[in-house]
Number of protein chains: 2
Amino acid sequence: MEQYNAYSFLLDRTARRVKQYAQYQFNCQQFGITVDQWAILKNLNQHTDLSQKELAEYCGKDQPTLTRIVDLLVSKDLVERRANPTDRRSFVVHLTTAGKRKIETLSGEVNKIRMQAWQNLNEEDFEHLKRILDTIYTNLEIDNGSTGNLR
Amino acid sequence: MEQYNAYSFLLDRTARRVKQYAQYQFNCQQFGITVDQWAILKNLNQHTDLSQKELAEYCGKDQPTLTRIVDLLVSKDLVERRANPTDRRSFVVHLTTAGKRKIETLSGEVNKIRMQAWQNLNEEDFEHLKRILDTIYTNLEIDNGSTGNLR
DNA sequence: TCCGTATATTTGTCATACTAATTATTATTG
DNA sequence: CAATAATAATTAGTATGACAAATATACGGA
């Protein structure tokens, strides 16, 4: 039983290296953004004009974190906050022309960087990894709801 | 090719949930430390009286991060910095009595928390996960050394 | 319509990561 | 031995992550 604990260490360590490696390449190639900022841009490109709440869900970030990343993207003129006509509480996050250009310029390079991790691994490994990570993810739902699992 | 990019998102998301879930349980059960602080204590218990540099390597943390975590553990009286007789640049990090007691008290509970992730998964999954994560990890070595891979 | 509640965003605080720079000490080398 | 390089630890700055609280707005029911 005890040995199974190692997964948490491995996961943490690997996820950090993946991000660190990508950020290192981003810096070397002067992309001018962080890896997390890239994830936001990429999501915005696929689902245009999301509210920050929706964007946070797609990107797997919480709302305070997303607010701050959007702040940085706004200061870099890559996105802008637009009034949401149907709800004055929320904004719509909109890609600027510079933001779209950034995505076009970097997409291919980012793919290359991401694929470095996948050497010596194959399609089947990818399916295993997806399944295992998804299972862990759903195993650890923190349930505040009506099913009343844990406090 | 493009789809393989998803691994980075999955890894990051899963690692964050694993840590968040554990921290949530730590808080509920009033362990009085963070998940990362626990990892340091656990390592110190296995390899007594390491220097901060060695400890950082075992724990997979960088040195500035380790310095700060040790600061927090010192302020909680769980470890202390002792002079290293053979090298006045470095310290030896030593578990206090309270630190040892903390480890004994929490070990079983932490194991239970960690095992929650492993429902619906088996030994074979564990081996797959270990192998895949280790492969990714070594694929992404950032080599500043003599082999001269990338700038 | 008014009131209480829910929601979207923001702000604050603490902890963790990564980078770069600083300090004190040790090791190396001419 | 003296000058230089390398190393252990720290500090500073920025970004992210989690959680709580505050604010503004929307929604539901009396």
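Convention: sequence-line order gives letters A, B, ...; per-chain numbering from 1. All of these numbers come straight from a predicted model, not from anything done at the bench.
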(message) Regarding A:Leu66, tell me which of base, sugar-phosphate or nothing describes its non-hydrogen contacts under 4.0 Å with the strands shown.
(response)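 Counting heavy atoms under 4.0 Å across all strands, no contact is made by A:Leu66.
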(request) Please name the pair of heavy atoms, one in B:Asn139 and one in A:Gln116, separated by the smallest distance, quoted to 0.1 Å. (result)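 Distance-wise, the nearest heavy atoms are CB-O, 3.6 Å.
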(message) For a quick test of reading the model, state the closest non-hydrogen atom pair linking A:Phe26 to A:Thr34 and the distance between them.
(response)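 Looking at all heavy atoms of both residues, the closest pair is CE2-O, 3.9 Å.
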(request) Would you kindly give the NZ-to-C1' distance between B:Lys76 and C:dC14, to the nearest whole Å? (result)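 In whole Å, C:dC14 C1' and B:Lys76 NZ are 11 Å from each other.
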(request) Could you state the atom-to-atom distance from CZ of A:Arg81 to C1' of C:dA8 in whole Å? (result)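 Checked: the CZ to C1' distance equals 12 Å.
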(request) I would like to know whether A:Asp62 and A:Arg68 meet salt bridge (Lys or Arg N to Asp or Glu O under 4.0 Å); could you show each step before the answer? (result) CA-CA 10 Å; A:Asp62 63 8; A:Arg68 281 162 187 137; over 6 Å; no
(message) Would A:Arg81 and A:Asp71 count as a salt bridge (Lys or Arg N to Asp or Glu O under 4.0 Å) here? Give the steps.
(response) CA-CA 9 Å; A:Arg81 286 187 171 96; A:Asp71 285 345; 2.9 Å; yes
(request) State whether the side chain of A:Asp12 and the backbone N or O of A:Ser8 hold a donor-acceptor pair below 3.5 Å, judged by distance alone. (result)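 No, because the side chain of A:Asp12 does not come within donor-acceptor range (under 3.5 Å) of the backbone of A:Ser8.
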(request) Kindly indicate, with the supporting measurements, whether the criterion ring pair (Phe, Tyr, Trp, His ring centres under 6.0 Å) is fulfilled by B:Tyr4 and A:Phe126. (result) CA-CA 8 Å; B:Tyr4 279 65; A:Phe126 188 67; 4.7 Å; yes
(request) State whether B:Glu109 and B:Lys112 are salt-bridged, where the test is any N-O pair (Lys NZ or Arg NE/NH1/NH2 against Asp/Glu carboxylate O) under 4.0 Å. (result)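 Yes.
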(message) Using a strict threshold of under 4.0 Å (side-chain N to carboxylate O), is an ion pair present between B:Asp77 and B:Lys102?
(response)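 So B:Lys102 does not pair with B:Asp77 through a salt bridge.
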(request) Enter the distance from B:Thr67:OG1 to B:Leu72:CG here, rounded to the nearest 0.5 Å. (result)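 Reported to 0.5 Å precision, the distance equals 11.0 Å.
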(request) Look at the side-chain N and O atoms of B:Lys19 and state whether any lies under 4.0 Å from the OP1 or OP2 oxygen of C:dA17. (result)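 The answer is yes; a side-chain N or O of B:Lys19 sits under 4.0 Å from OP1 or OP2.
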(request) Go through residues 34-54 of chain A and report each residue with a non-hydrogen atom lying under 4.0 Å from DNA chain C, sorted by number. (result)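 Heavy-atom contacts with DNA chain C come from A:Ser51, A:Gln52, A:Lys53.
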(request) Check the angle between the aromatic planes of A:His47 and A:Tyr58 and answer parallel, tilted or perpendicular using the 30° and 60° thresholds. (result)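 Because their plane-to-plane angle is under 30°, the rings of A:His47 and A:Tyr58 count as parallel.
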(request) Can you check each nucleotide of nucleotides 18-29 of chain C against protein heavy atoms at under 4.0 Å and return B for base, S for sugar-phosphate only, - for none, in 5' to 3' order? (result) BBB---BBS---
(request) Using the heavy-atom set of chain A and a strict 4.0 Å cut-off, write down the first and last nucleotide of DNA chain D that makes it in, 5' to 3'. (result)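 Boundary nucleotides touching chain A, in 5' to 3' order, are D:dA15 to D:dA26.
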